[in-house]
There are 2 protein chains.
Amino acid sequence: MRLSELSRRSGMSTATIKFYLREGLLHPGRRITTTQADYDEEHLRRLQLIRALIQVGGISVADARAVLAAVDDASLDQVSRMGTAVAALPQALPAPAQDDAEAVTADLVAREVQERLGWRVVPENPAHQALVSAVSALLRLGYPCDGEALLPYGELAERLAGHELALIDKFAAPTTQLEAAVALTVLYEPVLLSLRRLAHAEQATRRLREDALPREDAPRASD
Amino acid sequence: MRLSELSRRSGMSTATIKFYLREGLLHPGRRITTTQADYDEEHLRRLQLIRALIQVGGISVADARAVLAAVDDASLDQVSRMGTAVAALPQALPAPAQDDAEAVTADLVAREVQERLGWRVVPENPAHQALVSAVSALLRLGYPCDGEALLPYGELAERLAGHELALIDKFAAPTTQLEAAVALTVLYEPVLLSLRRLAHAEQATRRLREDALPREDAPRASD
DNA sequence: CCTCATTGGATAGCGTCACTATCCATGCTT
DNA sequence: AAGCATGGATAGTGACGCTATCCAATGAGG
């Protein structure tokens, strides 16, 4: 298909697709003539992945390029590609990480929880540093946050990870698995966060109803 | 304390603090003279909260202003403030949410999981829409994602929420509780996501170690 | 063959955002 | 009174994710 059709089917403007081509996120189409190229379903799918990473996952174009480059890199074995791709996925935070007292404490907390879970501690992992940043912020605001408190979160994370890796395993083709790893890592984040927010809302509402059900005449569905 | 001292103790430049003052995130200091103002520990703490929301939580200045305004709004009761504040917390995504087939299916999935968990469905909730967006993206990429698959996530979210609301309850003063609700909602997100990523890395590494062994047909459930 | 709209590619521009640098009058400090 | 820090206002900066414009080449119609 031509660029215009790719645009129509993907719902993105040709200008945007050209931008992704230029940025190296999307492979160039098969050149038919000097001025025309042919795109296939693969390109369409890739476009949707790019869109998901950038718009839903909130990943920058540069990071998306790194991730996709790792997925594509035929010179690496699948294991390396997977590692590179997932490592290139940024956390939410730029993590300035000033070396104050909280940051040091936070690092100890982060290590403690991982050790108690039996995980290998890899301080270079961006996720580790993101964890340290978040814990630093919590501590700086005076909220208690030690290894003990994080343990349940770690255990939940462990179950999530197990569940997701099993899901990835379902995709047989290595390339598909790589894509799945990236897509599921990124796209299940908003799923998880949304559900958590919804659960907060639900439980807060429930408590309010218990605490004070004074003059609400709206019909309640349950309870 | 003066602006310069506030700057020193918070680690932010006076220009940045002035910016936050201008944007209405930080209350003006108590004016001593026309050209001088006095800031206290409350301001320092607020600055740290602002910093946490914006830098760690990735919230925009405008959204942070809305959140903090709700926290401060003395004309509302605590319940309304809490609701307003948390509702103003943005999800990770801008959620373009085109009305295609996937979006419709995704909405059904989102409703199903919430209903199966016994939650009230509030489609206007930004979190609901975020969930729909994420599920849409997953479906568009061809990954199976139905109410059944999301149920375990919802159950985990429920436990997280319970845990966190209990944590918030520990903070007696209403204002402190409001702040805690906002801070914990935002700051535990990166904690959770980081731990999930770390768990991914850990389990992936573990599997590779097993796979690397010559005997392939000795799959182990877990360690 | 000639015309002309379309295509793909390159370049430069736009709008947003989170600051940041500069300027200026004031008035504290010495 | 001198000098400089302070607070307030305004404009500027750099990054980012597109987006608008231009251009040569070409394929289609006559």
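Predicted model, so just to flag it, every value in this text is computed and none were measured. Lettering follows sequence order; numbering is per chain, from 1.
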Inset, instruction - Taking Arg51(A) for its side chain and Met12(A) for its backbone only, find out whether a donor-acceptor pair lies under 3.5 Å. - result: no
Inset, instruction - Measure from the side-chain N and O atoms of Arg2(A) to the backbone N and O of Gln36(A), and report whether any donor-acceptor pair falls under 3.5 Å. - result: no
Closer than 4.0 Å, any side-chain N/O of [X] to the OP1 or OP2 of [N]?
| X | N | value |
| --- | --- | --- |
| Thr16(B) | dT20(C) | yes |
| Arg51(B) | dA18(C) | no |
| Thr14(B) | dT6(D) | no |
| Tyr20(A) | dC18(D) | yes |
| Thr34(B) | dG7(D) | no |
| Thr33(B) | dC28(C) | yes |

Would you mind reading off the distance between [X] atom [atom1] and [N] atom [atom2], rounded to a whole angstrom?
| X | N | atom1 | atom2 | answer |
| --- | --- | --- | --- | --- |
| Arg30(A) | dT7(C) | CZ | C1' | 16 Å |
| Ile32(A) | dA28(D) | CD1 | P | 11 Å |
| Arg22(A) | dT19(D) | CZ | C1' | 9 Å |
| Phe19(B) | dC17(C) | CZ | P | 10 Å |
| Leu26(A) | dC18(D) | CG | C1' | 15 Å |
| Leu3(B) | dC28(C) | CG | C1' | 16 Å |

Applying a 4.0 Å non-hydrogen cut-off, can you work out what [X] is touching in the nucleic acid: base, sugar-phosphate, or nothing?
| X | value |
| --- | --- |
| Ala15(B) | base |
| Ile54(A) | sugar-phosphate |
| Arg31(A) | sugar-phosphate |

Inset, instruction - Under the side chain to side chain contact (heavy atoms under 4.5 Å, CB included) rule, what do Leu44(B) and Glu41(B) come out as? Steps first, then yes or no, please. - result: CA-CA 5 Å; Leu44(B) 181 58; Glu41(B) 300 299 320; 3.9 Å; yes
Inset, instruction - Pick out which of Val113(A), Asp146(A), Leu156(A) makes a side chain to side chain contact (heavy atoms under 4.5 Å, CB included) with Leu151(A). - result: Val113(A)
Inset, instruction - Please tell me which of Arg2(A) and Ile59(B) maps to the more 5' nucleotide of DNA chain C, matching each residue to the nucleotide holding its nearest heavy atom. - result: Arg2(A)
